[in-house]
Undergrad: 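Can you read through this structure? Questions will come right after.
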2 protein chains.
Amino acid sequence: MESSTDALTAHRDRAQQDYAELVTRRLSLDLTRGKPAANQLDLSAPLLALPGDTYKAAEGLDTRNYGGLHGLRELREIFSGPLQVPVEQLVAAGNSSLELMHDSLVHALLSVLPGATSRWVDEERIAFLCPVPGYDRHFGVCERLGIEMIPVPMTDEGPDMETVERLVAEDASVKGVWCVPKYSNPDGISYSDETVTRLAAMPTAAPDFRIFWDNAYAVHHLTDERVEIADLLAACADHGNPDRAFVFGSTSKITFAGSGVGFFGASPANVTWLLGNMAKRTIGPDKINQLRHALFLKDEAGVYAHMDLHRAELRPKFDAVLRILEAELGGTGLATWTDPKGGYFITLKVLDGCAREVVRRAAEAGIVLTPAGATHPHGQDPDDAVIRIAPSFPAPDELEKAIAGVTACVRLVGYEKLLAAK
Amino acid sequence: MESSTDALTAHRDRAQQDYAELVTRRLSLDLTRGKPAANQLDLSAPLLALPGDTYKAAEGLDTRNYGGLHGLRELREIFSGPLQVPVEQLVAAGNSSLELMHDSLVHALLSVLPGATSRWVDEERIAFLCPVPGYDRHFGVCERLGIEMIPVPMTDEGPDMETVERLVAEDASVKGVWCVPKYSNPDGISYSDETVTRLAAMPTAAPDFRIFWDNAYAVHHLTDERVEIADLLAACADHGNPDRAFVFGSTSKITFAGSGVGFFGASPANVTWLLGNMAKRTIGPDKINQLRHALFLKDEAGVYAHMDLHRAELRPKFDAVLRILEAELGGTGLATWTDPKGGYFITLKVLDGCAREVVRRAAEAGIVLTPAGATHPHGQDPDDAVIRIAPSFPAPDELEKAIAGVTACVRLVGYEKLLAAK
């Protein structure tokens, strides 16, 4: 969109007024993290008093005592379908999937993976492909563990597969790729069947290449369309690469964010490898919490019914954000944004070079956003354009105030930028 | 004790008869692990329905959501005294202390420790001192992570300090020592004040030397004498080595073995280091379980009162073992054993070269013991003499049957050995 300097100046002046007014309101709002709201946590209130007077699992196991490294079978049965992992190949562990991803990398560094010729720590260089924009905690684990990150652009169907295929084929130090295959963080993209097939089938120079398949939003739908993705684990086996996939999931955004259950799924060889390493670290997971979850969720249908309740809480918040973005920024040419079918985020893409300044201005007005750049390795978004919005946690009225404030910042920074370029 | 060949033959023949009879009884008894019995777990039954209808911690924190990496303050306050760690320096984490020990080693390998000049994984050799007999899971972690183990003999006051001091002074690759300072596993030894002072004060060639202080049995008394040990963390600070101590503890043998809370305590610099690493691995521990524990145990006095109930369950089992050992083996010269003031184990020391054979014979009679040698690195007891007995888990009548059976094996193997030496 081309505007005259006069028109831009008028827009900028109005944005300045709006921003000045915003600052006087002394807000204190937080849009940083994809945290469930208290209302959502209330949906799982019965968990607080479970298991109540029982402690026996279906197999007769005393859940109170040590042991049971693989995790409670009845809970694994419930999540086998949603996570697309056969029950025997699914491990139920502690209270987060992030720790399973972290530990899988640690174990690969310090203990030889199936298919590997040495511990990763004994190799000169270990690199992971990082589709961008992506999830900052994936990047944080790599950074901490000394794993190099290679950004790969996202498309509407997942990571750009031509780039992925080229990089993994030519470089044996490329050992893995991070994927959030459904309702991706932050763009809300779901991987196409073709993407999944190509990931499963592609030749890799590294014999111990792994796809870290963080299926964090497997059942976190926001529309009537429950998006289905292809079964990576089966596809890998079909294409002769059975050990390629590490599947992760959790109930963190299903039940209680801090007190859920994390899952790991993979080939039998990988599961044996993980359990062998886990056995040195722990005598077993918190099986009472797993029993608590099995009793509460009951079965796979119970999970879906429960997620409908979450959707009822989340959908109005996403709608409010989209409505305000459209009302305040629609037609300005200053921003685009996603309308995700699930997951926890809306990506707001502002003019190149403006994201940091928008976040800075918002912070000055009391609205804390995820740092610009967090969606990229080392916090470096080369276009400085991506802002991740997490609508879930604030109360509806606070959310609306915060988003309206953000749009004022986008207008201010955007028009200043356009004027400066004149 | 000297016996004539005839007398030994008679003893051996009687032992053979007893053993033959034992085998015909087709027992299936397990004395392998220090697991609480169901009766002991029943003592914590209220936990199964807690926190009930609340989820707010004393600080107003919503325990259901993400965050709170340091762990719930009210639970840390309860265990600060028993673990001898200031509240601010105590971290409450997941369901085991073993995983905190494992992860502390992992983080030291992959992330530079306070006082260290490099990651341990970048050093040529990393070794830990292992007082023997000791805890097999400590050794298992070292083995898995490629950490060399150097056995050091135990005395009645802790590890032989002359050996420890010499080894740590001369060799910078000696990075740590494993200690179970109170009611040690398996000997039931508590470290003397002098041992603690010398550990805290000794010069070490490694600037990043750590004492892994596994205070697993801090409140696990079996007599009226509640043994107190010196405060290692304070002693290290007093002697100018504030970062030397890593203190570990858990509620695994206080509440539920599989669903307790693990603790880590250390200097502020170490705590900052651990939390920095933990933050890449998890967004926070299961705070609901921590709240559950705080509500159930209430305060430090509540812990002690609860442990008295455990003692009432455990004491008769230990007494039964001691009674049978004395009745069957007393005066034979075939074995000695410990009479611990706390903890979970009785060490049975048989004639050199006999432990494996006793364990094998017992297994053939349906009595499973911890593998002989498990008390030593790589499962190698050079004297082949130590057998660890875990009296807690079996029901009293089964325990008595099992111990009587073990004594028959000790007599059989011992007299055979003595006869063969004639």
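Basis for what follows: all heavy atoms, side chains included, without hydrogens, waters or symmetry-related copies. Each chain gets a letter, A, B and so on, in the order the sequences are listed, and its residues count up from 1.
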Undergrad: Between CG of B:L110 and NZ of B:K280, what distance do you get to the nearest 0.5 Å?
TA: 14.5 Å
Undergrad: Determine yes or no for a side-chain-to-main-chain donor-acceptor pair under 3.5 angstrom, with A:H310 supplying the side chain and A:I254 the backbone.
TA: yes
Undergrad: Do the ring centers of A:F296 and A:H293 come within less than 6.0 Å of each other?
TA: no
Undergrad: What heavy-atom pair brings B:K253 and B:P36 nearest, and what distance separates the two atoms?
TA: CG-CG, 4.4 Å
Undergrad: Do the ring centers of B:F128 and B:F212 come within less than 6.0 Å of each other?
TA: yes
Undergrad: Who wins among B:I283, B:V141, B:D62 for the most heavy-atom pairs under 4.5 Å with chain A?
TA: B:I283
Undergrad: Report which part of A:I288 has an atom under 4.5 Å of a heavy atom belonging to chain B: side chain, backbone, both, or neither.
TA: both
Undergrad: State whether the side chain of B:N289 and the backbone N or O of B:G260 hold a donor-acceptor pair below 3.5 Å, judged by distance alone.
TA: yes
Undergrad: Let me know if A:R33 has heavy atoms under 4.5 Å from chain B in its side chain, its backbone, both or neither.
TA: neither
Undergrad: Should the pair A:H138 and A:W178 be assigned to parallel (<30°), tilted (30 to 60°) or perpendicular (>60°) ring geometry?
TA: parallel
Undergrad: Would you mind checking which part of A:L109 comes under 4.5 Å of any heavy atom in chain B, side chain (CB onward), backbone (N, CA, C, O), both or neither?
TA: side chain
Undergrad: Among A:R119, A:E143, A:R137, which residue has the highest count of heavy-atom pairs closer than 4.5 Å to chain B?
TA: A:R137
Undergrad: Against chain A, label B:D42 side chain, backbone, both or neither, depending on which of its atoms sit under 4.5 Å from a heavy atom there.
TA: both
Undergrad: Quick one: does B:L29's side chain get under 4.5 Å of B:P394's, heavy atoms only?
TA: no
Undergrad: Check whether B:T63 gets within reach of chain A through its side chain, its backbone, both or neither, counting any heavy atom under 4.5 Å.
TA: backbone
Undergrad: Give, as side chain, backbone, both or neither, the part of A:N65 having an atom under 4.5 angstrom from any heavy atom of chain B.
TA: both
Undergrad: Can you say whether B:L50 sits under 4.5 Å from chain A via the side chain, the backbone, both, or neither, judging by heavy atoms?
TA: backbone
Undergrad: What residue, out of A:G52, A:A38, A:A37, has the most heavy-atom pairs lying under 4.5 Å from chain B?
TA: A:G52
Undergrad: Below 4.5 Å from any heavy atom of chain A, which atoms of B:A279 appear? Answer side chain, backbone, both or neither.
TA: backbone
Undergrad: Would a 4.5 Å heavy-atom cut-off, applied to side chains only, mark A:T251 and A:F263 as touching?
TA: yes
Undergrad: Have A:Y66 and A:K287 got a donor and an acceptor in their side chains that come within less than 3.5 Å?
TA: no
Undergrad: Taking the inter-plane angle between the rings of B:F345 and B:Y217 on a 0 to 90° scale, is it parallel (under 30°), tilted (30 to 60°) or perpendicular (over 60°)?
TA: perpendicular
Undergrad: Anything in residues 93-103 of chain A with a heavy-atom distance to chain B below 4.5 Å? Please list those residues in order.
TA: A:N95, A:S96, A:L98, A:E99, A:H102, A:D103
Undergrad: Let me know if B:P285 has heavy atoms under 4.5 Å from chain A in its side chain, its backbone, both or neither.
TA: backbone
Undergrad: Can you tell me which portion of B:T282 sits under 4.5 Å from chain A's heavy atoms? Options are side chain, backbone, both or neither.
TA: both
Undergrad: Less than 4.5 Å apart, side chain to side chain, heavy atoms only: is that true for B:H107 and B:L274?
TA: yes
Undergrad: Could you have a look at A:G262, A:A257, A:P46 and say which one has the most heavy-atom pairs with chain B under 4.5 angstrom?
TA: A:A257
Undergrad: Consider only side-chain N and O atoms of A:H306 and A:T255, and report whether a donor and an acceptor are under 3.5 Å apart.
TA: no
Undergrad: Any idea which of B:S44, B:G67, B:P51 has the most non-hydrogen atom pairs under 4.5 angstrom with chain A?
TA: B:P51
Undergrad: For chain B, which of A:G258, A:G284, A:A45, A:G146 has the most heavy-atom pairs under 4.5 Å?
TA: A:G258
Undergrad: If the threshold is 4.0 Å, N to carboxylate O, is there a salt bridge linking B:E123 and B:K175?
TA: yes
